[in-house]
Amino acid sequence: MTAALRHLVLVLGDQLNSDASAFDGFDPAQDAVWMAEVREESTHVWSSKPRTVMFLAAMRHFALALRRLGRPLHYRWLDDPDNQGSLAGELRAAIARLQPQRLILTAPGDWRVLQALRAVAAEAGLPLELRDDRHFFSTVREFAAHAKGRSSLRLEYFYRELRQKHGVLMEDDGRRPLGGQWNFDAENREAFGAAGPGFLPARSQFPPDALTREVIALVQRQLPDHPGRLDSFAWPVTREQALQALGEFLSERLPLFGRFQDAMWPEEPWLYHSHLAAALNLKLLNPREVVAAAEAEFRAGRAPLACVEGFIRQILGWREYVRGVYWTQMPGYLEHNSLQAKQDLPPWYWTSETEMVCLSAALRQTLDHGYAHHIQRLMVTGLYALLYGVAPAQIHAWYLAVYVDAVEWVELPNTLGMSQFVDGGLLASKPYIASGKYIQRMSSGSYCRRCPYDPAERLGERACPFTTLYWDFLIRHETLLAANPRMVMQVRNASRLSEDERAAIQQQAAALRSAQGRACPSTGAPGSVSEP
Ligand SMILES: Cc1cc2nc3c(=O)[nH]c(=O)nc-3n(C[C@H](O)[C@H](O)[C@H](O)COP(=O)(O)OP(=O)(O)OC[C@H]3O[C@@H](n4cnc5c(N)ncnc54)[C@H](O)[C@@H]3O)c2cc1C
Ligand code: SF4
């Protein structure tokens, strides 16, 4: 197949669904598929080994599936001797070799990648046809129409629109929510209590097959200094495995998902969460089938409405909402820093070597598995970075690097908007800030009991760093926060501090930053991280 090639269908590492719009009208006699493993996707941020293995293993399994479907495929391996190292370089070489008349691409998940591919197409004078990603409930155009004319964006309104439009958890009239309310958040905030979670269903595990083992060896060879471990890699990397993981979640964990959605417990990374984000983001699962299956569990009486609504809200609500925010705000969204945060990321984020027990646990499981659940991301690692004042570009690069489910369209708004509140309140109506007492409450004291610090103390040797930095944050941003009606109580509490206490808190926070900011001798990691 040389000069006669009609369409070259470009498939990226997070577009692994054979029913993607890019395949509409695909004719194996005239068209071909292009996929490329490139080093740049693991180095533009210091991507963890589990994340790189997740993408490459899923890509290689998808390549086999395409071959079984009889779709001609040009696949470039990471260790091909003449691999160009970047998507742009590889595409340029493929165009020269294959001479297609047209390039076809489903809208990618990353603004940077879209610009790079567009530039190559323009340089080659080839049309690049960009097709809608049907893998989402909404289009970016729909989100833009929803956002138009609104002074602020809020998940709740968009979520309700989507529920009505797609008839999800609705009464027969299509207007009223099932159970008489849209939101069951108040029922979904329990901790486990002092006795802990007790018996927990096992996580779905998929021991690496020969193909994945090859990828693991390749990543160990090619990216030996990258963070993270691979000895317990067990993520679903095919559609069949992802469907099995979905089935096991629905039957074993969904009925308690909502109730313990925000709970934490040491040595228990998986709890009642679905662990499906990577499968969804790589398109091994379609969010429509996941939402429909969860609703069916409620209708069959196997899972309570509060749990099912809590789960569906994450996918039909947050997932669609952050995608709309990303694509309507890029590329400017990357530049946000409304809190003027400028500290370097503490180096132990890359090693988990900190005395703070809650942080060390969240970081360790992140490096071991490429996974932490939402509250660990938002209220442990994210909260600490926010209170500490980490520069948004650095904390964004970290989140994009370490999780197996990390793709920029979903990671960036969650990090900059929801977690770091540096987008001027565009995505969230208030910063998610709390002292160490929040972590103590949601983990029923299980971390704090083992920690050298005390979450109730803000000053002195035993002061919990979260608590010191929380009060410091309120003092530093008092004027900004005072203008936010949802922050009135917290600002009022800070205003009751004496001048001496304020000065002491600020002094302790400064000392903490200066001690924690020192380079970590065992890795020198921050120097290895390229700015996005
Ligand atoms: C700072 C920060 C960074 C994040 N980065 C990512 C990321 O790179 N990729 C990613 O998929 N999610 C990200 N999230 C959202 C969320 O934390 C993860 O989707 C979730 O923890 C994945 O675990 P799970 O599959 O067990 O999710 P569950 O708790 O089982 O939730 C079910 C599904 O809902 C979706 N979901 C849940 N919360 C969100 C959310 N806030 N935004 C979008 N979708 C959501 C996911 O697809 C998830 O699989 C981030 C959150 C924060 C606070
Ligand atoms: S005392 Fe503070 S740092 Fe230690 S575990 Fe509790 S919240 Fe975390």
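Worth saying up front: this structure is predicted, and the values here are computed from it rather than measured. Here, residue 1 is the first one in the sequence, and each next residue gets the next number. Both counts, for ligands and for their atoms, begin at 1 and track the order of listing.
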- request: Hey, could you give me the CZ/OG distance between Phe249 and Ser274, rounded to the nearest 0.5 Å?
  value: 5.0 Å
message: Could you tell me, atom by atom, which parts of ligand 2 come under 4.0 Å of a heavy atom of Pro455?
response: 1 (S)
- prompt: Say you draw a straight line from CG of Leu378 to NE2 of His373; how long is it, rounded to the nearest 0.5 Å?
  reply: 11.0 Å
query: Pick one: which of Tyr326, Trp409, Tyr321 meets ring pair (Phe, Tyr, Trp, His ring centres under 6.0 Å) with Phe136?
result: Trp409
field: Within reach of ligand 1, part of Gln261 (heavy-atom separation under 4.0 Å)
entry: neither
field: ligand 1 versus Ser419: contacting region, heavy-atom distance under 4.0 Å
entry: side chain
- request: Starting from atom 21 (O) of ligand 1, find the nearest protein heavy-atom neighbour and note its residue, name and distance.
  value: His374 N, 3.3 Å
- request: Give the residue, atom name and distance (to 0.1 Å) of the protein heavy atom nearest atom 6 (C) of ligand 1.
  value: Arg377 NH1, 3.4 Å
field: Contact check, Trp270 vs ligand 1, heavy-atom distance below 4.0 Å
entry: no
Option whose closest heavy atom lies nearest to atom 4 (Fe) of ligand 2, chosen from Cys451, Gly436, Cys464, Pro266: Cys451
field: Closest approach of any protein heavy atom to atom 42 (N) of ligand 1, naming residue and atom
entry: Asn414 ND2, 3.0 Å
- prompt: Just heavy atoms, cut-off under 4.0 Å: does Tyr403 contact ligand 1 by side chain, backbone, both, or neither?
  reply: neither
task: Give a yes/no verdict on a cation-pi contact between Arg203 and Trp235, requiring under 6.0 Å between NZ or CZ and the six-membered ring centre and an angle within 45° of the axis.
output: yes
- request: Examine the proximity of ligand 1 to Ala372 and report which part, side chain or backbone, both or neither, has a heavy atom under 4.0 Å away.
  value: backbone
query: Which ligand 1 atoms does Tyr371 reach within 4.0 Å, using its non-hydrogen atoms?
result: 23 (O), 24 (P), 26 (O)
message: Could you identify the single nearest non-hydrogen protein atom to atom 6 (Fe) of ligand 2 and state the distance to 0.1 Å?
response: Cys448 SG, 2.4 Å
task: Please report which non-hydrogen protein atom sits nearest to atom 48 (C) of ligand 1, along with the residue it belongs to and the distance in Å to one decimal place.
output: Ala277 CB, 4.0 Å
statement: If we number the atoms of ligand 1 from 1 as shown, the ones under 4.0 Å from a heavy atom of His275 are 24 (P), 25 (O), 26 (O)
statement: When distances are taken from atom 12 (N) of ligand 1, the protein heavy atom at minimum range is Val410 CG2, 3.7 Å
field: ligand 2-proximal atoms of Cys358, by part, heavy-atom distance under 4.0 Å
entry: both
- prompt: What part of Asp405 sits under 4.0 Å from ligand 1 if we count only heavy atoms: the side chain, the backbone, both or neither?
  reply: both
field: Identified side chain to side chain contact (heavy atoms under 4.5 Å, CB included) partner of Leu169 from the options Leu316, Leu305, Val291
entry: Leu305
query: Hey, is ligand 1 close enough to Leu276 that some N/O pair sits below 3.5 Å?
result: yes
task: Specify side chain, backbone, both or neither for His373, according to which of its non-hydrogen atoms lie closer than 4.0 Å to ligand 1.
output: backbone
- prompt: Where on Phe249 is there a heavy atom closer than 4.0 Å to ligand 1, on the side chain, on the backbone, on both, or on neither?
  reply: neither
query: Would the Tyr159 and Trp182 ring centres measure less than 6.0 Å apart?
result: no
task: Run the contact test for Tyr321 against ligand 1 with a 4.0 Å cut-off on heavy atoms, strictly below, and give the result.
output: no
message: Taking 4.0 angstrom as the limit and counting only heavy atoms of Met356, give me the atoms of ligand 2 inside it, by number and element.
response: 3 (S)
- request: Examine ligand 1 and decide if any of its atoms is less than 4.0 Å from a heavy atom belonging to Phe311.
  value: yes
- prompt: Is Leu400 touching ligand 1 with its side chain, its backbone, both, or neither, if touching means heavy atoms under 4.0 Å apart?
  reply: neither
